[in-house]
**Student:** 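If you scroll down you'll find the structure; I have some questions about it.
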Amino acid sequence: MNRPRRPLIATALVVLLAFAALGVIVAGVASIYGPRADADATAAVRMRAVQQTRSNLRLLEAELQTYRLLPVMLGEYADLRAALVSGRADSALNQKLAMLARRTGAPVIYALDTQGMTIAASNAGRPDSFLGHDYRYREYFTAAMASGATEFFALGSVSGRPGLYLSRRIEQAGRPLGVVVVKVEFGKIARAWIQDQMATFVTDRDGIILISSDPRLQFRTTHPLSAARRDALIRTRQFGAFPLAPAPLRLDDGRSRLVDGTPAVTVSLPVPIAGWRLVHMEPLDAALRTAAARTRWATAIAALATIAAMLAAWWTYERRKRNAGARAELEAEVARRTAELRATADRLQIEVEQREVSDQRFRQAREELAHANRVGSIGTITASVAHEINQPVAAIRTFADNAAAFLARGAPDRAAANLDSIVDLTSRIGTITAGLRRYARRGAGSIGPVALDEAIDGVRLLIGDRFRAKGVALDLPAGPEARLTVIAGRVRLEQVLVNLLQNALDAVADRADARVSVTVGRRGRDVVLTVADNGPGIDPSMADHLFTPFETSKKDGLGLGLGIARDIMTEFGGTLDLVPAPEGAIFRMILVKA
């Protein structure tokens, strides 16, 4: 009676063992492949998010560079200065400002007197004109009057539209005349950032969202504000009547959530405005669903393979049918993913072309600024060059008089010697004027091998007499170290050295033992130049912002020289940094040896 039951028990045990083995295999595949698929999907989304964030940041930087030079240029308008002096502006000035606003795309340009009253505006003929409005309570007015220039984001008190206010103090003979203000709005940029289910926004140092691709997030906060800070913002009316409520987002690292609760990858990059950051959030749910689908496919394939091995030859035909169906579905999935990748590649190509256009505009603006910096420094260099020319000119006259006297006495050999000296001196004058023309010439020039001794000779020619006139010792390198060759452009390398040496001269001008030295050394394949002085050194409060545009400790400075110098060194493939010094200031330039 028990014999027929034994095969059934054995079969049942085999089936149970088979299902147990199948369960172990399926669980093993899911535990190994699942986390790996999720990690790969998250990494792919993060890579796309980083690329998108960099692209969005370059669009914003290009927009800022377009408008930052306007206040500096407006400060040189003679009729604007005259209006600030008299306290009145005629319609012609308002029309000029309106024309400049139309051509640059600026929403409004206006000028305030020292009391904060608007005396000229590009919107003078419109119902929302700023003429006669009092803006003394605005931080962009008070900060510009105190420090010379500022960039301040706020809600327009008349227009009600948010924007960045670029303001600069106008002076005459050391006396402030008023402030010129250019407003920049970012609606176009925000619309360009809009993409399905993604969020891109800019926050300030308080975590307040200033610019956003999602209008629902604007003027909300990414973290709570203190009561004192909230009261200060309400008192200055920087954001009008907005309550500055928390944004319906989560920005915790690894647990970010979009407005609708969707998990997301968050990438944040600094914006070239103090305290601002660009944040981009890209949804993760689609990638995770795809990873889960891949895990299910892998698990199903493993299960099918295990079952096929267990069932052996009987189910060979059925297994082939199932595998054929699985392959068809897998090929369809591959075809779909290939089409998505092609579409993504097309979008990336468009973004690359847009980025190249923005980069070209940025490079053109940067070169124009560098040329303006060289031309601006020519005024201080001219006296030095004039002294260098006066000496050979005086010597030429003396040699010419002597040659005439020798000819009159019948001594042509001695007269010829004087004429040879005159030829040498005229060649020196030609070298001096050629160096000045080369320094003032427009254009970036080529980058290639440059001999350091030639660049140092050009710098000595341009500013050497300024040091001698002020009695400041200038030590320039000589010997083998000065004959090294580096990868650079000669004119722009001279510009960097001239900027650093002029700053050093200004720093030590009042010292009795004033000294400035330039040294050259090697560090591996790199060439290291240092410019050191024994002046008072750099104010610690300025050290972190030393290379930021429009940040300067000089009363009449624009704050552009060191920023331009660092950009030039970066283009050469090198660096420019302020290094700690026990006395004075030391700037270090690192260049690639040719």
Side-chain angles (χ1 to χ4, degrees), residues 63-173 175-191 210-211 236-242 365 550 558:
E63 190 77 3
L64 289 173
Q65 290 296 336
T66 301
Y67 294 102
R68 273 178 165 163
L69 291 178
L70 278 179
V72 179
M73 181 181 65
L74 287 168
E76 303 301 324
Y77 272 28
D79 45 358
L80 179 60
R81 288 176 171 270
L84 290 172
V85 171
S86 65
R88 296 187 306 276
D90 55 15
S91 59
L93 177 58
N94 292 327
Q95 290 172 2
K96 285 184 179 179
L97 295 180
M99 179 185 65
L100 185 60
R102 285 194 304 272
R103 290 183 176 179
T104 60
V108 64
I109 302 172
Y110 52 105
L112 312 175
D113 63 14
T114 55
Q115 302 303 315
M117 296 296 294
T118 306
I119 66 168
S122 62
N123 62 359
R126 302 206 307 256
D128 59 348
S129 171
F130 288 3
L131 288 180
H133 283 262
D134 184 358
Y135 292 109
R136 75 182 69 183
Y137 66 91
R138 282 295 203 180
E139 186 174 336
Y140 61 75
F141 169 75
T142 57
M145 288 294 291
S147 63
T150 190
E151 297 178 347
F152 181 73
F153 190 96
L155 193 69
S157 59
V158 175
S159 66
R161 297 193 304 272
L164 180 66
Y165 294 83
L166 309 176
S167 59
R168 183 172 182 82
R169 184 178 64 208
I170 308 301
E171 297 180 352
Q172 182 170 303
R175 181 175 65 87
L177 302 178
V179 173
V180 61
V181 184
V182 177
K183 183 180 181 183
V184 182
E185 294 180 0
F186 300 97
K188 182 178 178 182
I189 291 291
R191 289 191 296 272
L210 306 178
I211 310 165
T236 60
R237 291 179 281 175
Q238 182 177 354
F239 301 104
F242 282 91
F550 306 108
L558 293 176

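These numbers come from the heavy atoms of this one structure, side chains and all, not from hydrogens, waters or symmetry mates. Positions are given from 1, in the same order as the sequence printed here.
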**Student:** So, Arg81 side chain and Glu171 main chain: donor-acceptor pair closer than 3.5 Å or not?
**Tutor:**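 Looks like yes, one N/O pair under 3.5 Å.
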
**Student:** Would you say Val108 and Asp128 make side-chain contact, with heavy atoms under 4.5 Å?
**Tutor:** no

**Student:** Is there a side-chain contact between Val158 and His133 (heavy atoms, below 4.5 Å)?
**Tutor:**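 SC-SC contact between Val158 and His133 confirmed.
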
**Student:** Please report the shortest heavy-atom distance between Pro176 and Thr114, naming the atom on each side.
**Tutor:** O-CG2, 3.5 Å

**Student:** What distance do Lys96 atom NZ and Ser122 atom OG have between them, rounded to the nearest 0.5 Å?
**Tutor:** 15.0 Å

**Student:** If you measure from CG on Leu69 to CG on Leu166, what distance do you get to the nearest 0.5 Å?
**Tutor:**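 Here the rounded value is 10.5 Å.
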
**Student:** Closer than 4.0 angstrom, basic N to acidic O: yes or no for Lys188 and Glu63?
**Tutor:**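 No.
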
**Student:** Decide yes or no on side-chain contact (heavy atoms from CB on, under 4.5 Å) for Asp79 and Asp90, but give the supporting numbers first.
**Tutor:** CA-CA 9 Å; Asp79 45 358; Asp90 55 15; over 6 Å; no

**Student:** side-chain contact (heavy atoms from CB on, under 4.5 Å), that's the test. Do Lys183 and Tyr67 meet it? Break it down for me.
**Tutor:** CA-CA 9 Å; Lys183 183 180 181 183; Tyr67 294 102; over 6 Å; no

**Student:** What's the spacing between Leu64 CG and Ile189 CD1 if we round to 0.5 Å?
**Tutor:**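 These two atoms lie 8.5 Å from each other.
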
**Student:** Donor-acceptor pair, distance only, cut-off 3.5 Å: does the side chain of Asn123 make one with the backbone of Phe130?
**Tutor:**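 Yes; judged by distance alone, with no hydrogens or angles, the pair exists.
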
**Student:** Without swapping roles, check the side chain of Arg168 against the backbone of Val72 for a donor-acceptor pair under 3.5 Å.
**Tutor:** no

**Student:** Should Leu97 and Leu74 be marked as a side-chain contact (heavy atoms from CB on, under 4.5 Å) after you check the CA-CA gap, both sets of side-chain angles, and the distance that decides it?
**Tutor:** CA-CA 9 Å; Leu97 295 180; Leu74 287 168; 4.1 Å; yes

**Student:** OG1/Thr150 to CE/Met145 distance, rounded to the nearest 0.5 angstrom?
**Tutor:**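 Output value for this atom pair is 13.5 Å.
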
**Student:** How far does CG of Leu131 sit from CZ of Arg126, to the nearest 0.5 angstrom?
**Tutor:** 11.0 Å

**Student:** Can you name the nearest heavy-atom pair linking Ile119 to Gly87, along with the distance?
**Tutor:** CG2-O, 3.9 Å

**Student:** For Gly116 and Leu112, work out which heavy atoms get closest and say how close.
**Tutor:**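 Looking at all heavy atoms of both residues, the shortest contact is O-CD2, 4.0 Å.
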
**Student:** Are the side chain of Ser86 and the backbone N or O of Arg88 linked by a donor-acceptor pair below 3.5 Å?
**Tutor:** yes

**Student:** For Ser167 and Tyr140, indicate whether the former's side chain and the latter's backbone hold a donor-acceptor pair under 3.5 Å.
**Tutor:** yes

**Student:** Looking at every non-hydrogen atom in both residues, tell me the closest pair between Val184 and Pro107 and how far apart they are.
**Tutor:** CA-CD, 4.2 Å

**Student:** Where does the angle between the aromatic ring planes of Phe153 and Phe239 fall among parallel (under 30°), tilted (30 to 60°) and perpendicular (over 60°)?
**Tutor:**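 Ring orientation, 0 to 90° scale: tilted.
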
**Student:** Of the non-hydrogen atoms in Val85 and Gln172, which two are nearest, and what is the gap between them?
**Tutor:**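 That closest heavy-atom pairing would be CG2-OE1, 4.1 Å.
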
**Student:** Evaluate side-chain contact (heavy atoms from CB on, under 4.5 Å) for Arg136 paired with Phe141, printing each intermediate quantity in order.
**Tutor:** CA-CA 6 Å; Arg136 75 182 69 183; Phe141 169 75; 4.2 Å; yes

**Student:** Would a distance-only check, ignoring hydrogens and angles, find a side-chain to backbone donor-acceptor pair under 3.5 Å from Thr142 to Glu139?
**Tutor:**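 The answer is yes, because a donor-acceptor pair under 3.5 Å joins these two groups.
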
**Student:** Within 45° of the six-membered ring axis of Tyr137 and under 6.0 Å from that ring's centre, is NZ or CZ of Arg237 located there?
**Tutor:** yes

**Student:** Would you call the rings of Tyr165 and Tyr110 parallel, tilted or perpendicular, taking 30° and 60° as the class edges?
**Tutor:** perpendicular

**Student:** I want to check something: taking the side chain as every heavy atom from C-beta on, are Thr66 and Thr104 in contact at a cut-off of under 4.5 Å?
**Tutor:** no

**Student:** Considering all heavy atoms of both residues, which atom of Ile170 and which atom of Gly75 are nearest to each other, and what is their separation?
**Tutor:**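 Scanning both residues completely, I find the closest heavy atoms to be CD1-CA, 3.3 Å.
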
**Student:** Does Met73 reach the side chain of Leu100, with side-chain heavy atoms less than 4.5 Å apart?
**Tutor:** yes

